[in-house]
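All ligand and atom numbering here is 1-based and tracks the order in the structure.
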Amino acid sequence: MCNAIDRLRRDRALPDGQMRALLLCEDRDVLSYLFQQARRVREEAYGRAVFIRGLVEFTNHCKNDCYYCGIRRSNAQAQRYRLQEEQILQCAQSGYRLGFRTIVLQGGEDPFFTDEKMVSIIRGIKSQHPDCAVTLSIGERPEKSYRAFFEAGADRYLLRHETADEAHYGLLHPAGMSFRHRMDCLKALKEIGFQTGCGFMVGSPYQTVDNLLSDLAFTAAFQPQMVGIGPFIPHRDTPFKDRAAGSALMTLKLLAIIRLLLPTVLLPATTALNTLLPDGCEQGMLAGANVVMPNLSPQGVRKKYMLYNNKASFGSEAAEALDSLRARMARIGYEVVCDRGDYRQPSC
Ligand code: SAH
């Protein structure tokens with residue numbers, strides 16, 4: 001199996017049979033070799049720097065009804081909120097003072113935030129903090145909206161593909177939602193010039209190893225600048241409330257494999273991983289991740305942005321959270337840096 005890992009590192013690809021065997025492998029020595037190789041590749045690209053992104057969860061209103069998600073339209077239990085533009089700018093400013101140089105605006109698909117409102121928020125952040133990157137994670141919009149956001153100064157866009165298998169997509173989403181449309185959005189984002197992120201949940205209901213192989217194949221072919229993956233975690237007020245959570249170990253394996261497929265990709269240790277494992281951030285870094293996204297949302301709304309239950313946080317105050325993250329990273333030999341943390345092209 002270690003030969004397959006060497007091959008994956010060298011070729012940035014692996015035949016399906018070997019990739020499947022690696023996904024199914026639970027041999028501790030093999031896995032520690034996998035993680036070690038992923039760390040090496042990450043350190044060649046980014047050293048031991050940990051990039052931080054300040055996450056502002058600015059609305060939990062959503063017109064979609066994804067079966068897995070706690071802020072889905074049909075969840076009448078969700079307490080809905082929207083931040084005002086002024087509040088969003090304040091979050092960005094407090095993040096800036098703490099050393100964040102990327103602000104991520106994430107939310108449900110909320111038609112209240114028209115293109116004009118989004119453009120105004122993006123411009124506001126960029127004029128307050130010209131040295132900050134702005135990342136959007138607000139789902140599917142028409143191409144012309146994406147262009148307007150890019151022209152307003154947004155730098156990056158996260159849109160997880162959720163699953164690369166159309167039939168599986170249909171099991172996770174209601175009929176009105178379209179796999180093809182999501183994929184078209186991803187292509188448009190990349191063409192427009194965003195640093196673009198795709199990604200998927202690990203252990204989502206009905207997911208098979210074949211689905212994961214498709215996710216990896218899609219990810220390698222799409223060549224995103226960012227990849228977001230985390231375990232599926234059930235939410236009590238969704239149709240998937242009784243489903244098992246995804247595996248943290250499988251998530252770590254996939255992080256390492258993605259690092260080897262895409263050596264310079266920006267790869268977060270996600271909140272969902274940190275929710276399943278108390279040291280999820282550390283383990284994520286040690287498996288090849290190089291990004292963490294601490295929460296900058298106002299205290300009062302954090303619990304309301306509940307995609308899944310028991311969501312982890314680094315602490316109530318952003319400053320305290322950042323100190324704790326710095327200490328956690330330092331303990332494993334990594335260093336949180338104050339940097340935009342842009343994508344770097346692979347050397348060859
Ligand atoms: N509305 C935006 C942002 C979605 S929230 C969009 O459509 O892109 C960000 C991600 O959280 C989703 O892409 C999904 O992969 C993940 N997510 C949602 N529900 C989850 C759950 N129950 N467990 C784990 N991850 C979940």
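Nearest protein heavy-atom contact of atom 19 (N) of ligand 1 is Tyr68 CD1, 3.4 Å. Of all protein heavy atoms, the one lying nearest to atom 15 (O) of ligand 1 is Glu162 OE1, 2.7 Å. At the shortest separation from atom 26 (C) of ligand 1 among protein heavy atoms lies Met201 SD, 3.5 Å. Among protein heavy atoms, atom 1 (N) of ligand 1 sits closest to Gly107 O, 2.9 Å. From the protein, the heavy atom lying nearest to atom 11 (O) of ligand 1 is Leu307 CD1, 3.5 Å.
By the 4.0 Å N-to-carboxylate-O rule, Asp339 lies too far from Arg101 to be salt-bridged with it. Between Arg180 and Glu166, at least one side-chain nitrogen of the basic residue sits less than 4.0 Å from a carboxylate oxygen of the acidic one, meeting the salt-bridge criterion. Classification of Glu143 and Arg147 as a salt-bridged pair holds, one side-chain N sitting under 4.0 Å from a carboxylate O. Remark: Arg302 does not engage Glu57 in a salt bridge, criterion side-chain N to carboxylate O under 4.0 Å.
Taking the centre of each ring, Phe218 and His161 come in below the 6.0 Å mark. In this structure, Tyr68 has its ring center at least 6.0 angstrom away from the ring center of Phe232.
When heavy-atom distances to ligand 1 are checked against a 4.0 Å cut-off, Pro231 comes that close only through its backbone atoms N, CA, C and O. Under 4.0 Å from ligand 1, the heavy atoms of Gln106 that appear belong solely to its side chain.
Residue Cys69 has at least one heavy-atom neighbour below 4.0 Å for each of these atoms of ligand 1: 19 (N). Of all the atoms in ligand 1, the ones that sit under 4.0 Å from a non-hydrogen atom of Gly139 are 2 (C), 6 (C), 7 (O), 8 (O). Counting atoms of ligand 1 from 1 in the listed order, those under 4.0 Å from a heavy atom of Ser137 are 2 (C), 3 (C).
Ligand 1 has no nitrogen or oxygen under 3.5 angstrom from a nitrogen or oxygen of Gly108. Checked against a 3.5 angstrom limit, the closest N/O atoms of Arg160 and ligand 1 fall inside it. Close N/O approach between Arg182 and ligand 1 is found [any backbone or side-chain N/O within under 3.5 Å]. Ligand 1 has no nitrogen or oxygen under 3.5 angstrom from a nitrogen or oxygen of His235.
Here the closest non-hydrogen pair linking Cys281 and Asn274 is N-OD1, 3.1 Å. Residues Gly230 and Arg160 approach most closely at N-NH2, 4.1 Å, considering heavy atoms.
Ring geometry for Phe240 versus Tyr67: interplanar angle over 60°, hence perpendicular rather than tilted (30 to 60°).
Within the structure, ligand 1 lacks Cys62 among the residues with a heavy atom less than 4.0 angstrom away.
Protein heavy atoms are absent from the space less than 4.0 angstrom from atom 4 (C) of ligand 1.
Taking each of Leu159, Ile71, Ile233, Thr275 in turn, the one with a heavy atom nearest to atom 23 (N) of ligand 1 proves to be Ile233.
Between the side chains of Asp155 and Tyr343, no donor N or O sits under 3.5 Å from an acceptor N or O.
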- side chain to side chain donor-acceptor pair (under 3.5 Å) between Asn211 and Thr163, worked out: CA-CA 7 Å; Asn211 292 153; Thr163 170; 5.0 Å; no
